[in-house]
Amino acid sequence: MQEAREVRTTCPYCGVGCGVLAEVAADGTTTVRGDPDHPANFGKLCSKGSALGETLGLEGRLLRPEIGGRQASWDEALDLVAEKFSQAVAEHGPDSVAFYVSGQLLTEDYYVANKLMKGFIGSGNIDTNSRLCMASSVAGHRRAFGEDLVPGVYEDFERTDLIVLTGSNTAWCHPVLYQRMLAARKERGTRIVVIDPRRTATADECDLHLALDPGTDVLLFNGLLAHLAHTGKTDAGFIRDHTAGFDAAASLAAADAPSVARVAKGCGLAAADVHAFYDLFAETERTVTVYSQGVNQSAHGTDKVNAIVNCHLATGRIGRPGMGPFSVTGQPNAMGGREVGGLANQLAAHMDFGDEANIDRVSRFWNAPNVARRGGLKAVDMFQAVADGRVKALWVMGTNPAVSMPDASRVRAALSKCDFVAVSDVTRTDTTRYADVLLPAAAWGEKDGTVTNSERRLSRQRPFLPPPGEAKADWRIICEVAARMGFGEAFAYRTPAAIFREHAALSAFENDGKRLFDLGGVADLSDEDYSAFVPRHWPASERGGHQTRLFSDGRFPTQDGRARFVPVRQEATAFTVDADYPLALNTGRLRDQWHTMTRTGNVPRLMANAPEPAVDLHPADAAAHQLKDGDLAHLSTRFGFVRARVRVADAQRRGQAFMPMHWSGQFAARAAAGLLSSPVTDPHSGQPELKHVPARIAREEAGWAGVLITRRDLRPTGFVHWSRHAVEGGWIYELTGTEPPDQGILLARKLLGAQRRDQLLEYTDRRGLAYRAAAIDEGGAMAEALLVAAPDQLPMRDWLVSLLATRQPLSATDRHALLSGRSPVPMPAIGRVVCACFHVGANQLASAVAAGCDSLEAIGSTLRAGTNCGSCRSEIRAIIDARRVQAAE
Ligand code: SF4
């Protein structure tokens with residue numbers, strides 16, 4: 001028997017890049033905890049990270065290569081991919097092929113994918129789903145600093161007096177960073193301003209919330225720049241010595257935002273709030289402005305980034321402790337992808353196509369005479385080229401564009417038309433349906449390489465499990481295809497360490513300080529050093545030391561060493577609502593979910609907080625559309641439609657709606673936000689506008705509702721609406737139909753597994769309007785239960801779920817109760833789960849508050865809720881506040 005061992009690795013979810021200790025017990029079970037020595041998280045993990053040990057099962061894993069839906073050998077599959085790509089290049093040229101890759105790839109995977117496409121196939125056509133995440137920050141950084149550089153480090157959040165969170169629901173999307181910010185607030189009184197059209201969990205704990213109109217951020221920050229200039233709060237010495245272009249930027253800002261009143265009107269804010277923000281910023285030397293997808297995912301995202309950066313340059317608040325603009329990335333290795341050149345408009349190692357010397361340098365380093373000479377297709381353009389036949393062969397790696405791309409219906413149509421699609425992934429997804437060749441990739445826990453987080457800190461992802469079946473590391477799959485295409489010599493890596501050394505060496509090659517991205521100090525790591533690699537920032541200096549904050553000497557990697565002010569003006573938003581589409585729809589993340597739920601969707605406790613796809617509406621909008629909480633709604637834009645439950649939310653602004661971006665066809669009939677989003681992109685970054693599209697909503701008249709609780713993993717067809725969520729021991733399927741109930745019963749019964757009659761308990765009411773059935777397994781336990789009734793007439797599920805989980809033989813009383821649809825003993829429902837870490841529900845919290853627990857601390861010591869990752873604290877506070885209001889009334 002093997003001994004227990006502990007492996008130091010990194011969380012595969014968000015750009016915080018938390019360190020994780022994975023302990024594999026002698027019996028093979030794995031538990032995870034935060035790594036107390038990792039400088040990103042010091043032992044903390046959020047709900048998603050804490051549940052990583054529950055995502056290691058093999059359900060849904062791709063275990064063998066497939067060609068056209070049949071199992072194939074690796075040789076067959078790789079030969080076919082190489083043949084199709086080579087054939088397309090030979091017949092139609094290098095730009096007829098493309099890779100669409102992912103911020104989930106490790107840096108070593110990314111490096112070889114980029115080298116193959118740009119160096120040896122000779123096309124720029126490799127782009128990444130990071131295009132949807134932070135491409136506007138990349139473009140903004142390059143315009144201002146001359147290179148894609150995040151100046152600050154996480155420690156700045158603890159050394160600052162003001163944090164401006166703009167377009168960032170940090171409490172849910174970067175929870176461990178948010179907890180660090182709150183700790184600083186408690187410690188030193190750091191103030192927090194939240195700029196977001198929605199009142200998110202982040203806004204619940206701030207000093208000032210500016211709920212600006214969608215897309216008006218440039219106006220707000222131009223107003224700030226004008227205010228700083230007008231009130232003499234700029235740093236004239238810094239502007240003179242270290243920047244260029246201040247006058248042009250300041251005069252355009254002043255013309256764009258001539259007064260606070262004009263800004264307030266244009267942004268839909270109270271003038272007093274705008275004043276308060278401007279004064280706070282002007283008076284607080286140590287200010288960090290954090291921005292994320294709310295800024296980036298916009299038709300004017302790059303201008304928004306530069307409007308923010310302009311204010312920091314004007315005040316000289318950059319490169320010093322506790323100050324600076326700070327882009328936080330969504331994905332675990334978005335930064336690593338930026339480093340290797342995984343964006344179509346970058347060549348490699350922070351070198352672009354704009355300079356012939358870069359092309360020559362990379363060509364010589366790679367010994368690649370056929371290196372691409374111009375940038376390739378960015379994500380939205382790439383799928384357009386697939387649709388119109390310019391791209392004949394596409395390889396999708398570790399991402400799910402059929403769900404996550406805007407105007408997803410068009411993307412699906414493009415994939416189905418494409419001559420050849422290869423997909424390498426860990427599980428089946430909506431995208432793998434379109435694959436001619438499926439390549440099973442290694443997953444987290446099996447992969448070996450490096451990632452870079454939002455503060456430029458490199459960490460190792462280390463394997464602690466063998467890849468199951470025939471799954472392989474992405475870098476190995478790519479190199480084997482490269483070899484079959486005739487490039488074996490350049491891709492003859494034996495280990496990820498060898499790839500890392502080459503990547504580091506390229507960053508330093510003929511660099512001479514011109515590019516701050518320089519890993520030269522770690523280019524000679526031995527395999528042992530790579531194995532023992534401790535987290536470190538780049539640029540890595542010569543002998544393994546490392547620098548942290550950038551620009552502390554006031555020098556920027558531009559030709560003259562000066563940062564650039566970029567004059568920007570508030571452009572009209574890409575869309576305006578109208579009578580046909582009167583709601584402004586925003587999309588974003590849920591607290592406990594990651595991307596298209598391929599991992600987190602299988603974990604019961606992560607599904608418990610938001611188990612069904614829902615659209616948030618302000619109470620007045622819900623009333624205006626004759627909708628109430630829980631109704632099934634048909635939500636549409638000019639690009640498509642979805643169905644989702646209505647969630648009436650006071651926090652939602654009137655006239656706006658919010659839909660999470662996670663739901664896919666694996667978890668609901670039709671609820672992918674990508675079906676609604678617009679493919680309009682930012683002209684500089686190519687990043688699509690995912691935060692704002694006009695929408696309309698109507699009630700879907702339901703004739704019946706059903707719930708199937710089962711051990712089986714199904715994808716129902718023929719239903720107007722279904723969604724599913726994981727529970728202990730299986731799944732719950734929520735079903736809704738527009739047919740009359742008797743037809744609904746017939747339809748739903750088809751979902752029951754093939755059962756012997758003696759194993760099926762059934763009851764249909766006399767009028768044929770309600771139906772209940774339970775399938776009993778060989779051991780006498782409930783294998784599944786189906787209940788159908790009129791909408792709103794279904795019983796609570798808690799007891800049925802407990803029967804599924806326990807797998808105990810049913811008593812006669814249980815069998816009787818199953819058919820009556822009621823628990824034989826009163827079973828208090830815990831309500832919607834609020835604390836995912838300790839599985840505490842809203843009803844339990846409300847009872848504890850009623851019993852006198854009137855603070856977060858009291859709740860924490862009674863129920864433990866809110867004491868681990870902290871992501872649920874704002875919801876707990878809302879329950880406490882609601883009770884206070886009730887008591888006062
Ligand atoms: S904050 Fe959560 S999701 Fe992000 S890296 Fe840390 S544990 Fe993972």
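We count ligands from 1, going down the list as the structure has it; atoms in each ligand are counted the same way.
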Student: Does the separation of the ring centres of F326 and H141 fall below 6.0 angstrom?
Tutor: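 Not close enough - the centres of the two rings lie 6.0 Å or further apart.
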
Student: Ligand 1 versus C18, non-hydrogen atoms closer than 4.0 Å: side chain, backbone, both, neither?
Tutor: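 Answer for C18: both.
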
Student: Check each atom of ligand 1 against the heavy atoms of G17 and keep those under 4.0 Å away; list them by number with element.
Tutor: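 With G17 as reference, the close atoms of ligand 1 come out as 5 (S).
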
Student: Testing the 3.5 Å rule here: is there a donor-acceptor pair between the side chains of H38 and S459?
Tutor: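 Indeed, the side chains of H38 and S459 share at least one donor-acceptor pair under 3.5 Å.
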
Student: Which of the atoms in ligand 1, numbered in the order shown and given with their element, are less than 4.0 Å from a heavy-atom of P175?
Tutor: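 That gives atoms 1 (S) of ligand 1.
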
Student: Go through ligand 1 atom by atom and flag the ones less than 4.0 Å from a non-hydrogen atom of K48.
Tutor: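 In order of numbering, the contacting atoms are 3 (S).
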
Student: Pull out every atom of ligand 1 sitting under 4.0 Å from any heavy atom of Y13, numbered as shown with elements.
Tutor: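 Those atoms are 3 (S).
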
Student: Is the distance between the ring centroids of W444 and F464 less than 6.0 Å?
Tutor: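 Yes; F464 has its ring centre under 6.0 Å from that of W444.
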
Student: Does C11 bring an N, O or S atom to under 2.8 Å of atom 8 (Fe) of ligand 1?
Tutor: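 Of the N, O and S atoms in C11, at least one lies under 2.8 Å from atom 8 (Fe) of ligand 1, which means yes.
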
Student: Are L45 and ligand 1 in contact, using a heavy-atom cut-off of under 4.0 Å?
Tutor: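 Distance cut 4.0 Å: L45 passes for ligand 1.
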
Student: Could you find the nearest protein heavy atom to atom 4 (Fe) of ligand 1 and give me its residue, atom name and distance?
Tutor: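 Of the protein heavy atoms, C14 SG, 2.3 Å lies nearest.
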
Student: Suppose we measure from atom 2 (Fe) of ligand 1 to each protein heavy atom; which comes out shortest, and what is that distance?
Tutor: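 Result for atom 2 (Fe) of ligand 1: C46 SG, 2.3 Å.
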
Student: Cut-off 3.5 Å, side chains only: do E339 and W538 have a donor facing an acceptor?
Tutor: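 Yes, a side-chain donor-acceptor pair sits under 3.5 Å.
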
Student: Within 45 degrees of the axis of the six-membered ring of F658 and under 6.0 Å from its centre: does R198 put its NZ or CZ there?
Tutor: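 Cation-pi check for R198 and F658: passes.
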
Student: Just say parallel, tilted or perpendicular for the rings of F533 and F500, cut-offs at 30° and 60°.
Tutor: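 Answer is perpendicular, since the angle exceeds 60°.
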
Student: Scan W475, F517, Y530 and name whichever one has a ring pair (Phe, Tyr, Trp, His ring centres under 6.0 Å) with H503.
Tutor: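 Of the listed options, the one satisfying the test is F517.
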
